[in-house]
Amino acid sequence: MKTQHLSLMIREQCAKYGERNAVYSRHLSRWKPVTWKRMGEHIQSIAEALIMLGVREGENIGFFAHNCPELVFSEYSAMSIRAVPVSIYATSTEQQADYIISDAEIGVVFAGGYDQYQIALQLLQAGKGLRKIIVIDDSVAIQQHPDILYYRDLLKADQKTDFSGEVEKRLARATTEDTAAIIYTSGTTGEPKGVMISHGNFFVQFNALNDRFPMGEQDVDLAFLPLSHAYGKGSGYWVQSRGATVYYCEDPKKVIDYFKEVRPTYMVSVPQFYETIYSTIISRIEKRSLPVRKFFYWSLRTGKKYRYKKYRGEPISLLLRLKQYIAYPLVLKRIRSFIGGRLNFFSSGGAMLSREIEEFFFAAKIFIAQGYGLTENSSMVSCNYPGKFKFGTAGTAIPGCEFRIDDDGEILTRGGNLMKGYYRNPEATAAAMTADGWFRTGDIGYNDDEGFLRITDRKRDVIVSERGMTIAPQGIESLVGQDHYIEHVIVAGDRREYLTALIVPAFDALKEYARSEGITWTSIEDLAGKPEIHEFYRKRIDMHSDYLPPHEKIHRFTILPHGFSMKNGELTPTNKIRRSSIEKSYKDIIDNMYGE
């Protein structure tokens, strides 16, 4: 049986497609291509250079960069010598990067640009275990130091020494169970855990996707989601296994502009992206005259009805065909043109997307394949696909994976896509599994009467932002809640643009502060509502969360004039927070912080 290994897969693809363009990156306002042949040469050169640097089989290598071809080439190089790529989000703070580099015992790290290089440099100088920094962006000025190199230097290293024989020996020992990636994911409590994903795990996903989706040599992928994200990483490997061309989007803010230049046939993203496109189009329409608005929405209804009938194989009347003949070129085709005009399908995950938005795109002949999964499942458990879908659901279980609903409603999964475990954390691995070998997702859901998975709640308290970023609120609450003037803090922001918080002051301390500052008040409500008190708490919150990345910072907050209570179901008998009860009780206040 052929060994399923990503390094062997990409080697075959590079040999097969040769001088065809494999990937593109943005350089000086133009898209710069790299052929499959040149990609293979990069992978081989970097692999040999890593051996020259002393990288051992099974050693973890850090990848700390925004999306770019060099990041992907280097990951394949690491796999080619049976080393293990460890992803670090490009936006990570020094503390976050330090934790991953220390926990994963990383000695060599690829740093993308200036920000990542500066953090890596601080850790190298602090003696944190790093022994080499490889900087991808050669416009970054680096220190003259024997342990700091440019990526371009590694490309030249194989000209001086020949380690090709050692690369071949290591590849000959490669197995499907080799670890292909370690991706750190936030838990509800404690420190992040390193999810070990095997090559075999990824290939289970590939086989499932091949059964459900068309993808081939003529397809074009715009890689928008960070490659440090399990969803983005797995998708990128899959499209290259099918011979598709990838354009790497380093700046997510420019993705709409890139659509018209690249005209992708496929892309994965989180719901917030589709919601932004939808709201942009609708807001433009709402500014138009009444006849234009009526015609637009009539066209959407027509397109939706027409597409559903085609999908179900139902007869399409002559009248509906005529309506579609009018609606498509005048409205629906223009929606397709907004995103390049030739998209076959989108893939959506990381949070649930509303049925209304799915059907909006569906009417315009744009299929969004919404699915569900966790990093521990190599990113996918279930999905909708062109041959079987139900908008508003997470689809059906993929081949090679199964799920069941536990007695308390928790979704349990098992299959060939399930992780090897958490790196150096057997206790956490054991705690995540049931006695009979099912993985506990921490999410609540159910199978509807047609076998489609519906996600209804989150057993764990993890927040998934509007952009699909996973945030553990307890860490932020612990950080901010240590303040002398704060009794309780509850962070909110699930599927929202930013984080907000409910603040219960330490009232005695607050009163003392007010007196010392000459602030007068008539009641606690009056004191909590004073602008100078709000500004005081703003500064204290910012002080405690200064080092957090932007998506983990509290943007808005409300100071409550009273504490939480057991009587109202907000606290347990041991004074622990009941988050869901609080979010329900204070829903109006939370919504108001988002202008809702």
Side-chain angles (χ1 to χ4, degrees), residues 212-215 218-222 224 255-349 352-371 383-395 450 452:
R212 294 188 167 191
F213 296 95
M215 177 63 64
Q218 303 308 311
D219 280 296
V220 175
D221 172 30
L222 181 57
F224 161 70
V255 66
I256 297 297
D257 295 333
Y258 294 163
F259 260 123
K260 296 176 182 178
E261 298 174 5
V262 174
R263 301 183 64 232
T265 62
Y266 165 76
M267 196 183 85
V268 301
S269 188
V270 292
Q272 186 267 344
F273 173 76
Y274 310 115
E275 291 164 355
T276 299
I277 295 176
Y278 170 80
S279 62
T280 299
I281 294 173
I282 294 299
S283 65
R284 290 180 182 179
I285 291 299
E286 288 302 315
K287 295 175 183 176
R288 304 294 295 274
S289 65
L290 180 60
V292 170
R293 295 200 305 270
K294 284 188 173 182
F295 182 69
F296 177 83
Y297 290 113
W298 172 85
S299 297
L300 284 180
R301 292 193 298 272
T302 297
K304 184 171 76 170
K305 187 174 182 180
Y306 180 84
R307 294 295 163 197
Y308 267 125
K309 283 189 174 291
K310 285 204 73 173
Y311 165 64
R312 293 165 180 159
E314 298 173 354
I316 301 175
S317 68
L318 182 60
L319 178 59
L320 181 56
R321 290 180 187 275
L322 178 60
K323 288 180 178 180
Q324 177 70 5
Y325 182 78
I326 297 170
Y328 185 74
L330 295 178
V331 172
L332 305 176
K333 188 176 181 180
R334 294 185 181 186
I335 296 175
R336 279 183 61 82
S337 297
F338 189 81
I339 50 175
R342 61 176 184 173
L343 196 77
N344 291 329
F345 65 96
F346 275 129
S347 181
S348 178
M352 291 304 292
L353 181 66
S354 74
R355 177 174 178 170
E356 177 185 2
I357 294 177
E358 288 181 296
E359 291 185 332
F360 169 83
F361 285 102
F362 182 61
K365 201 179 176 182
I366 301 166
F367 181 74
I368 298 180
Q370 184 164 196
C383 70
N384 289 285
Y385 58 102
K388 186 177 182 181
F389 63 88
K390 189 174 184 180
F391 294 136
T393 75
E450 295 180 86
F452 288 86

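Starting from 1, each residue takes its place in the sequence as its number.
Sorted by first and then second residue, the salt bridge (charged side-chain N to carboxylate O under 4.0 Å, His left out) pairs involving residues 323-345 (not counting sequence neighbours) form an empty list. For residues 317-341, no pair satisfies ring-ring contact (aromatic ring centres under 6.0 Å, His included), with sequence neighbours left out. Sorted by first and then second residue, the pairs that involve residues 305-318 and meet salt bridge (charged side-chain N to carboxylate O under 4.0 Å, His left out), not counting sequence neighbours, are K309-E314. Residue pairs that meet the salt bridge (charged side-chain N to carboxylate O under 4.0 Å, His left out) test with at least one member in residues 353-362, sequence neighbours left out, are K304-E359, R355-E359.
The aromatic rings of F360 and F296 are tilted relative to each other, their planes meeting at an angle between 30° and 60°.
Of all heavy-atom pairs between L222 and M267, the closest is O-CG, 2.9 Å. Taking both residues in full, the closest heavy atoms of V331 and S299 are given as CG2-OG, 3.4 Å, listed atom of the first, atom of the second, then distance. Closest of all the heavy-atom pairs between I339 and I366 is CD1-CD1, 3.3 Å. In this structure, K260 and R263 approach most closely via the heavy-atom pair O-CG, 3.6 Å.
Within a 6.0 Å sphere centred on CZ of R293, heavy atoms belonging to other residues, nucleotides or ligands number more than 12.
By the 4.5 Å heavy-atom criterion applied to side chains, P386 and F345 are not counted as neighbours. L322 places none of its side-chain heavy atoms less than 4.5 Å from the side chain of L318. Using a 4.5 Å heavy-atom cutoff, the side chains of Y274 and S269 are in contact. Using a 4.5 Å heavy-atom threshold, the side chains of T302 and I326 count as separate. Looking only at side-chain heavy atoms (C-beta outward), S347 and F213 stay at 4.5 Å or farther from each other. Annotation: side chain of N344 is not in contact with side chain of Y266 (no heavy-atom distance under 4.5 Å). Using a 4.5 Å cut-off on side-chain heavy atoms (C-beta onward), Q324 and L332 make contact.
Residues forming a ring-ring contact (aromatic ring centres under 6.0 Å, His included) with F361 (at least two apart in sequence, or on another chain): none. Scanning for ring-ring contact (aromatic ring centres under 6.0 Å, His included) contacts around F362 gives Y308, F389, F391, with sequence neighbours left out.
The line from CD of Q370 to CZ of F346 is 13.5 Å long, rounded to the nearest 0.5 Å. Interatomic distance, SG of C383 versus NZ of K388, reported as 11.0 Å (0.5 Å rounding).
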Report the C-alpha separation of Y258 and F224 in whole Å, then their side-chain angles, then the decisive distance to 0.1 Å, and conclude whether the side chain to side chain contact (heavy atoms under 4.5 Å, CB included) test is met. CA-CA 10 Å; Y258 294 163; F224 161 70; over 6 Å; no
Walk me through it: do Y297 and I282 pass the test side chain to side chain contact (heavy atoms under 4.5 Å, CB included)? CA-CA 10 Å; Y297 290 113; I282 294 299; 3.8 Å; yes
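Checked by atom type and distance alone, the side chain of N384 never pairs as donor or acceptor with a backbone atom of I368 at under 3.5 Å.
Remark: of the listed residues V262, I256, D257, I256 is the sole one forming a side chain to side chain contact (heavy atoms under 4.5 Å, CB included) with F259.
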